[in-house]
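The next block holds one structure in the form of structure tokens; read it before the comments.
Whatever order the structure lists ligands and atoms in, that order sets their numbers, starting from 1.
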Amino acid sequence: MKNILTIVLILLFAGCADNSENDKKPLPENAKWWKEAIIYQIYPRSFKDTNGDGVGDLKGIIEKLDYIQSLGVTAVWLNPIYTSPNDDNGYDVSDYKGIMSDFGTMEDFDIMLVGMHERGIKLIMDVVVNHSSDEHEWFKQSRSSRDNPYRNYYHWWPAEKGKPNYRYSLFDEKGEAWKYDSLTNSYYLHYFSQKQPDLNWENPKLRQEVYDIMKFWAEKGVDGFRLDAFQFAAKDTTFPAFPEGFEKNFIDYYAMQGNLHDYLKEMHEEVFSKYDVMSVAEGAGRNFEDAHMLVDEDRKELNMAYAFEGVDIARPDGYELRHFKEVFSRWDSAFAKKGWLSIFLSNHDQARLVSRFGNDEPQFREASSKMLNTFILSMRGTPYCYYGDELGMTNIGFETIEEYQDIAAINGYKKVQNQGGDIEEYMRNLRVSSRDNGRTPMQWDDSKNAGFTTGTPWLPVHENYKKINVKLQEVDESSVLNYFRKLTALRKANPVMTYGDYSMIQPDHPTIYAFTRILGEEKMLVVLNFGEKQSSMGLPESIEIDKLLTNNLNSMHRDGNLINLQPYQALIFSIN
Ligand code: NOJ
């Protein structure tokens with residue numbers, strides 16, 4: 001009887017998909033390995049320490065290669081591992097062809113790369129060339145005299161011309177990007193810290209040096225490059241004044257300037273076209289037009305960009321799901337026909353996934369971590385999964401500024417002090433959104449320091465490591481970790497999850513995010529409850545549910561096309 005509401009309670013264990021390897025499904029014509037990649041981001045400093053100095057190292061990554069493979073990911077993005085004085089944890093490189101001594105040696109690197117490739121995992125390196133360290137030999141030469149051959153590797157402004165027009169610095173305690181250097185009576189430019197002088201991309205010699213560095217790594221066999229802060233690399237070297245009120249507008253006035261596209265085309269010609277490497281830029285410019293110009297195939301620049309509008313939705317006091325849905329849908333439709341997206345909600349510059357976008361209270365942490373991982377792994381685009389999020393690791397939330405290690409947090413604190421701002425508010429925000437939240441050591445087991453190190457960890461281990469760790473989750477069939485593995489397997493077995501058209505259902509639903517993915521005959525429906533209360537959704541009649549493929553909880557309530565979701569429930573169905 002149709003008009004009698006019958007609640008069907010189906011007891012289903014998470015991950016009941018049949019993903020037989022033999023069941024190969026057709027790929028679209030424009031298929032590429034980097035579109036199908038599932039990227040696992042490792043912050044090497046925090047992953048696994050093998051020599052007891054409290055800092056993660058390459059040998060630690062080597063030790064954990066089987067674990068990484070077991071996640072079902074197909075590529076690793078490593079944050080910078082080059083020689084560095086670590087003003088910004090490796091984003092201040094002093095030798096682009098050397099390995100940071102804290103992390104190990106080039107021999108370790110070679111072994112790590114072979115180990116990855118043997119396991120079918122590709123390696124993406126971080127290339128930090130908007131700036132170098134001030135301890136790089138180029139900068140030492142450059143600053144030594146005005147006529148040094150390396151002078152033009154950086155941006156200098158002779159003081160006799162007066163003070164240069166204001167530029168904002170993201171990490172400077174005064175917010176000033178020009179630093180006066182008495183040695184040559186000149187200012188140099190640093191968009192980040194004073195120890196991260198900006199390189200002069202207008203100088204062809206510098207550009208060739210960078211391409212040589214990239215070729216060096218490509219020859220070693222790495223599979224891709226992530227270009228750090230690259231949208232800021234090109235500059236108008238006359239350094240004009242910005243309109244009043246816009247001096248700190250980093251996106252509209254600092255990104256995508258000058259000859260940036262020419263440099264990317266040159267980089268493509270010199271490096272990308274010669275190797276089977278993928279390329280992704282941090283930042284996607286000011287708008288979709290910029291983003292398309294960076295990544296459309298016929299432009300011959302990059303493969304994909306890493307846009308921030310989605311991740312930036314979460315503010316310290318939360319976010320609105322309707323806004324979240326609108327942003328991700330808008331980006332998807334802008335790239336539906338051309339170009340390619342990256343999908344991520346966390347990385348080393350953000351707080352933890354579950355604390356920021358989900359709910360890290362004990363009763364919701366597991367469900368909401370799984371739900372968020374379902375989102376990341378079921379959207380169109382290349383998913384980037386940050387180490388520890390496969391366990392549902394949470395924010396550490398330091399109380400005092402002394403506990404923070406991150407230069408952005410420490411110098412930000414000084415800036416607020418200098419400007420007489422509200423320090424308490426700053427600390428409140430830092431507790432929920434600081435980058436150190438996302439950098440605490442990986443929680444491997446319940447032994448001292450979570451099995452990360454036998455020494456003193458460079459950043460404290462979260463005190464919840466006895467409850468949240470790999471060892472415990474390995475043996476629990478329904479853990480966040482094992483659910484993550486089921487999702488990667490599902491994505492790899494079903495090209496629709498990578499390539500399928502995306503279409504949102506009920507954009508205005510305040511707590512449920514539902515969408516379909518369709519690729520020819522392959523059709524899926526993803527239904528995610530982002531709220532901490534039960535919530536239901538009636539599906540359009542055009543959708544006919546076939547099978548439940550994954551469920552992050554143990555039960556599912558459905559009456560025909562009416563689905564009733566538990567808090568943070570995530571379901572994926574095949575549909576007809
Ligand atoms: C972006 C990186 O992701 C961040 O960690 C770093 O501090 C800045 N670029 C400067 O390199």
Side-chain angles (χ1 to χ4, degrees), residues 39 41-47 56 76-96 100 124-136 139 154-155 167-173 175 177 179 189-199 201 210 213 224-235 250-251 254-256 279-285 304-308 310-312 342 344-353 384-387 404-413 415 430 433-440 458-459:
I39 298 178
Q41 184 192 343
I42 295 181
Y43 199 63
R45 178 162 290 272
S46 301
F47 198 59
V76 163
W77 155 26
L78 266 192
N79 289 103
I81 53 168
Y82 318 102
T83 314
S84 163
N86 281 312
D87 188 50
D88 183 19
N89 287 357
Y91 281 96
D92 47 321
V93 180
S94 53
D95 176 4
Y96 291 95
M100 188 191 300
I124 294 154
M125 300 281 280
D126 218 317
V127 180
V128 191
V129 287
N130 169 70
H131 46 270
S132 72
S133 162
D134 66 343
E135 296 183 31
H136 194 292
F139 190 75
Y154 296 86
H155 295 284
R167 289 294 181 268
Y168 181 62
S169 161
L170 289 157
F171 293 170
D172 187 68
E173 49 185 90
K179 161 108 175 125
L189 187 73
H190 61 92
Y191 282 174
F192 295 90
S193 86
Q194 294 185 359
K195 286 185 66 62
Q196 293 168 295
D198 280 41
L199 289 161
W201 272 78
V210 172
I213 290 163
F225 297 105
R226 176 248 187 205
L227 299 177
D228 181 70
F230 200 75
Q231 57 180 350
F232 306 117
K235 277 119 186 153
F250 235 73
I251 292 303
Y254 293 67
M256 309 302 299
S279 54
V280 48
E282 188 199 19
M304 62 183 112
Y306 192 89
F308 285 96
V311 82
D312 285 346
S342 312
F344 69 100
L345 285 177
S346 56
N347 63 30
H348 64 292
D349 291 333
Q350 316 288 341
R352 277 282 164 195
L353 175 70
Y384 289 70
C385 307
Y386 188 52
Y387 87 95
Y404 286 91
Q405 293 277 341
D406 177 19
I407 183 166
I410 296 165
N411 283 1
Y413 183 92
K415 186 154 74 186
L430 215 51
S433 51
S434 89
R435 308 198 295 181
D436 280 339
N437 276 316
R439 297 177 177 183
T440 59
W458 74 278
L459 195 65

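Of the listed options D88, D349, N79, D88 places a heavy atom closest to atom 6 (C) of ligand 1.
Of the heavy atoms in Q350, none comes closer than 4.0 Å to ligand 1.
With D436 contributing its side chain and Y404 its backbone, the two residues share no donor-acceptor pair below 3.5 Å.
Ring planes of F344 and F308: perpendicular class, angle over 60° (limits at 30 and 60°). The aromatic rings of F250 and Y191 lie perpendicular to each other, with more than 60° between the two planes, well past the 30° mark.
Side-chain contact of H348 with Y91: a donor-acceptor pair under 3.5 Å is present, judged by distance alone.
The protein heavy atom nearest to atom 9 (N) of ligand 1 is D228 OD1, 2.9 Å. Of the protein's heavy atoms, F192 CE2, 3.7 Å lies nearest to atom 8 (C) of ligand 1.
Heavy-atom proximity to H131, at under 4.0 Å, picks out these atoms of ligand 1: 10 (C), 11 (O). The atoms of ligand 1 that sit less than 4.0 Å from any heavy atom of F171 are 7 (O). Within ligand 1, the atoms closer than 4.0 Å to a non-hydrogen atom of H348 are 2 (C), 3 (O), 4 (C), 5 (O), numbered from 1 in the order shown. Near R435, meaning under 4.0 Å from any of its heavy atoms, are these atoms of ligand 1: 4 (C), 5 (O), 6 (C), 7 (O).
In this structure, Y254 has its ring center at least 6.0 angstrom away from the ring center of F232.
With N347 as the partner, the side chain to side chain donor-acceptor pair (under 3.5 Å) test is satisfied by one option alone out of Y387, Y306, Y384, W77: Y306.
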